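Presented below is the structure to which this report refers.
Model, not experiment: these values are computed from the prediction.
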Amino acid sequence: MNRRPVYYAIRMSLVMGAYLGAWALFAWVGASWWQLLVAVLLAVISTQIGLVSHDVGHRQVFRTRRASDIAGLLFGNLAIGLGWGWWNNKHNRHHANPNHEDHDPDVSPSVIVWSQDQLGRTTPLARFIAKRQAYWFFPLLTLEAWHLHVASIKEVFKPTAKRRGTEGALLALHFVLYFGLIFTVLPFGMALAFIVVHQGLFGIYLGCSFAPNHKGMPILTAEDKLDFLRKQVLTSRNVKGGVFTDVLLGQLNYQIEHHLFPNMPSPNLRKAQPIVRRYCEEIGVSYLETGLIKSYSQALSHLNEVGVPLR
């Protein structure tokens, strides 16, 4: 549980240095279709900033809430246009009740339907998509970044939202700088293409970072009465793959350990893994760990099974 200040100082410096460097490269390349490669680069860096923001939100980085909030506002609202307060609240509710269809906002039926019980409680559009939602899943992720942007903006207009002025001002500044720079440097058509590639791949990478963690795992209902350990472990999936996977997924591939100890710094999760796995074996609790491709296969198979009654 010890904090890792040197690790996070290096990681945060690297991602912000890469972010500023990518925008400097954008300005240097100018009006050229090579900018689409810069858009790809920025999508990767934007996701890595989001992964750092995730750790900040769990108080893994700073000891005080004030420092965490300041960093979260700068990384989330200002850098990538994602509302810090809205996302933090949503994510904390997910951690409290992972994969619970009544309490986890990540499995609420909207465009994607996560269980057959939800089919009768969703929209006609969602039911249409649910017929073949395993095929729709990755194309829909191209819209995920836009969904997060819109949800962040909508949140600051709610009277109950905290720091409405600060969050709204930082979001506004982000989008003014983002669109202002892009449309100043690039002609209109090229600018639109840059935005589509950047935001589309940003959404795909974000979705692919979080989908292996819980999608395709058991969906809980009010009838399920589980203790804390079983609620967290049985709904989570670890993804193995070594250092590359650790960097790609921001160490969220140790999802079981993260859900049991959300305040544990992410680079320490690998140290906790053998302890947690051994304990789960001792008490007879299923502990699922699979490869990255297999995790997507399991998630898509689950989505396909949900749509069976509609086909």
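Inter-residue side-chain proximity for V185 and Q35 is flagged as met; some heavy-atom pair is nearer than 4.5 Å. Side-chain contact between K215 and Y296: absent, with no pair of heavy atoms (C-beta onward) separated by less than 4.5 Å. Taking the side chain as every heavy atom from C-beta outward, H259 and V233 never approach each other to under 4.5 Å. Contact of the W34 side chain with the V38 side chain is not registered, since no non-hydrogen atoms from C-beta on lie closer than 4.5 Å. Contact annotation: the side chain of I195 approaches that of W146 to within less than 4.5 Å [non-hydrogen atoms, C-beta and beyond]. In this structure the side chain of T290 reaches within 4.5 angstrom of the side chain of Q298, judged on heavy atoms. Counting heavy atoms from C-beta on, the side chains of F210 and H94 never come closer than 4.5 Å. Side-chain atoms of L42 and Y19, non-hydrogen and from C-beta on, do get closer than 4.5 Å to each other.
Using a 4.5 Å cut-off between side-chain heavy atoms of Ile, Leu, Val, Met, Phe, Trp and Tyr, with links allowed through other members, L25 and V15 fall into the same hydrophobic cluster. If you chain together hydrophobic residues whose side chains sit under 4.5 Å apart, F202 and F138 fall into the same group. The cluster map of Ile, Leu, Val, Met, Phe, Trp and Tyr, joined by side-chain heavy atoms under 4.5 Å apart, puts F244 and L252 in the same cluster. One hydrophobic cluster, built from ILVMFWY side chains closer than 4.5 Å, cannot hold both I219 and L234; they sit in different ones. Side-chain heavy atoms closer than 4.5 Å link hydrophobic residues (I, L, V, M, F, W, Y) into clusters, and following such links, possibly through other members, connects M1 to L229.
Salt-bridge check for E155 with K158: passed, with a basic side-chain N closer than 4.0 Å to an acidic carboxylate O. A salt bridge links D227 with R230: the closest approach of a Lys/Arg side-chain nitrogen to an acidic carboxylate oxygen falls below 4.0 angstrom. At a threshold of 4.0 Å, the pair D55-R11 counts as salt-bridged, since one of the basic side-chain nitrogens sits closer than that to a carboxylate oxygen. The pair R270-D246 meets the salt-bridge criterion, since a charged nitrogen lies less than 4.0 angstrom from a carboxylate oxygen. In this structure, D224 does not pair ionically with K231, as no charged nitrogen and carboxylate oxygen lie closer than 4.0 Å.
Of all the heavy atoms in V239 and G291, the pair that sits closest is CG1-C, 3.9 Å. For R164 against A161, the heavy-atom pair with the smallest separation is CG-O, 3.1 Å. Here the shortest heavy-atom pairing between A39 and V197 reads CB-CG1, 3.8 Å. Taking all atoms of both residues into account, the shortest heavy-atom contact from P309 to Q116 is CD-NE2, 3.5 Å. Taking both residues in full, the closest heavy atoms of G76 and S53 are given as N-OG, 4.0 Å, listed atom of the first, atom of the second, then distance.
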query: Could you go step by step and tell me if I129 and L125 meet the side chain to side chain contact (heavy atoms under 4.5 Å, CB included) rule?
result: CA-CA 6 Å; I129 292 175; L125 174 61; 4.1 Å; yes
field: Full working for side chain to side chain contact (heavy atoms under 4.5 Å, CB included) between F261 and Q232
entry: CA-CA 10 Å; F261 308 101; Q232 303 297 336; over 6 Å; no
Derivation of the side chain to side chain contact (heavy atoms under 4.5 Å, CB included) call for L82 and F75: CA-CA 9 Å; L82 300 186; F75 279 102; over 6 Å; no
field: side chain to side chain contact (heavy atoms under 4.5 Å, CB included) between V56 and Y8, worked out
entry: CA-CA 10 Å; V56 171; Y8 277 111; over 6 Å; no
message: Could you walk me through whether H302 and H214 satisfy the ring pair (Phe, Tyr, Trp, His ring centres under 6.0 Å) test, starting with their C-alpha distance in whole Å, then the side-chain angles of each, then the deciding distance to 0.1 Å, before giving a yes or no?
response: CA-CA 11 Å; H302 170 76; H214 302 282; over 10 Å; no
message: Show, in sequence, the C-alpha distance, side-chain angles and deciding distance for E101 and S115, and conclude whether the side-chain hydrogen bond (donor to acceptor under 3.5 Å, both in side chains) test is met.
response: CA-CA 8 Å; E101 66 176 20; S115 73; 3.1 Å; yes
- request: Test side-chain hydrogen bond (donor to acceptor under 3.5 Å, both in side chains) on S46 and H198 and set out the steps.
  value: CA-CA 9 Å; S46 297; H198 175 218; 3.2 Å; yes
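For F62, there are no ring-ring contact (aromatic ring centres under 6.0 Å, His included) partners two or more places apart in sequence or in a different chain.
Judged purely by atom type and a 3.5 angstrom limit, Q133 uses its side chain to pair as donor or acceptor with the backbone of V113. A donor-acceptor pair under 3.5 Å links the side-chain atoms of Q60 to the main chain of P262, judged by distance alone. Using modelled atom types, no side-chain atom of Y7 and backbone atom of S266 make a donor-acceptor pair closer than 3.5 Å. N92 places a side-chain N or O within donor-acceptor distance of the main-chain N or O of N88, the cut-off being under 3.5 Å. A donor-acceptor pair under 3.5 Å is absent between the side-chain atoms of R93 and the main chain of P105, judged by distance alone. Distance alone, capped at 3.5 Å, places no donor-acceptor pair between the N97 side chain and the H103 backbone. For the pair D104 (side chain) and N99 (backbone), a donor-acceptor distance under 3.5 Å is present. The backbone N or O of R237 sits nowhere less than 3.5 Å from a side-chain atom of N213 that would complete a donor-acceptor pair. Between the side chain of S236 and the backbone N or O of I256, no donor-acceptor pair lies under 3.5 Å. A donor-acceptor distance shorter than 3.5 angstrom exists from the side chain of T64 to the backbone of A67, with no hydrogens or angles considered.
Residue-environment remark: CZ (F179) exceeds the threshold of 12 foreign heavy atoms within 6.0 Å. No more than 12 heavy atoms of other residues, nucleotides or ligands sit less than 6.0 Å from atom NZ of K162. Atom CZ of F188 is surrounded by 12 or fewer heavy atoms from other residues, nucleotides or ligands within 6.0 Å.
The distance from the CG atom of L171 to the CH2 atom of W84 is 13.5 Å, given to the nearest 0.5 Å. Rounded to the nearest 0.5 Å, atoms CG (L36) and CG (L186) are 9.0 Å apart. Annotation: the span from Q199 atom CD to T142 atom OG1 amounts to 11.0 Å, rounded to 0.5 Å. Rounded to the nearest 0.5 Å, atoms CG (L73) and CD (E167) are 5.0 Å apart. In this structure, F175 CZ and H149 NE2 are separated by 5.0 Å, a value rounded to the nearest 0.5 Å. Once rounded to the nearest 0.5 Å, the distance linking SG of C208 with CG of L206 reads 9.5 Å.
Ring-centre distance between H258 and H54: below the 6.0 Å cut-off.
Between the side chains of N304 and Y135, no donor-acceptor pair is found at a separation under 3.5 Å.
Under the side-chain contact (heavy atoms from CB on, under 4.5 Å) test applied with Y205, the options L141, V40, V44 reduce to a single match, V44. E289 pairs in a side chain to side chain donor-acceptor pair (under 3.5 Å) with only one of the listed residues (R277, Q255, K240), which is R277.
Between F194 and W23, the ring planes are tilted. Angles from 30° to 60° get that label. In this structure, H95 and H91 have perpendicular ring planes: the angle between them is above 60°, well past the 30° mark. Between Y178 and H174, the two ring planes are parallel [angle under 30°; tilted spans 30° to 60°].
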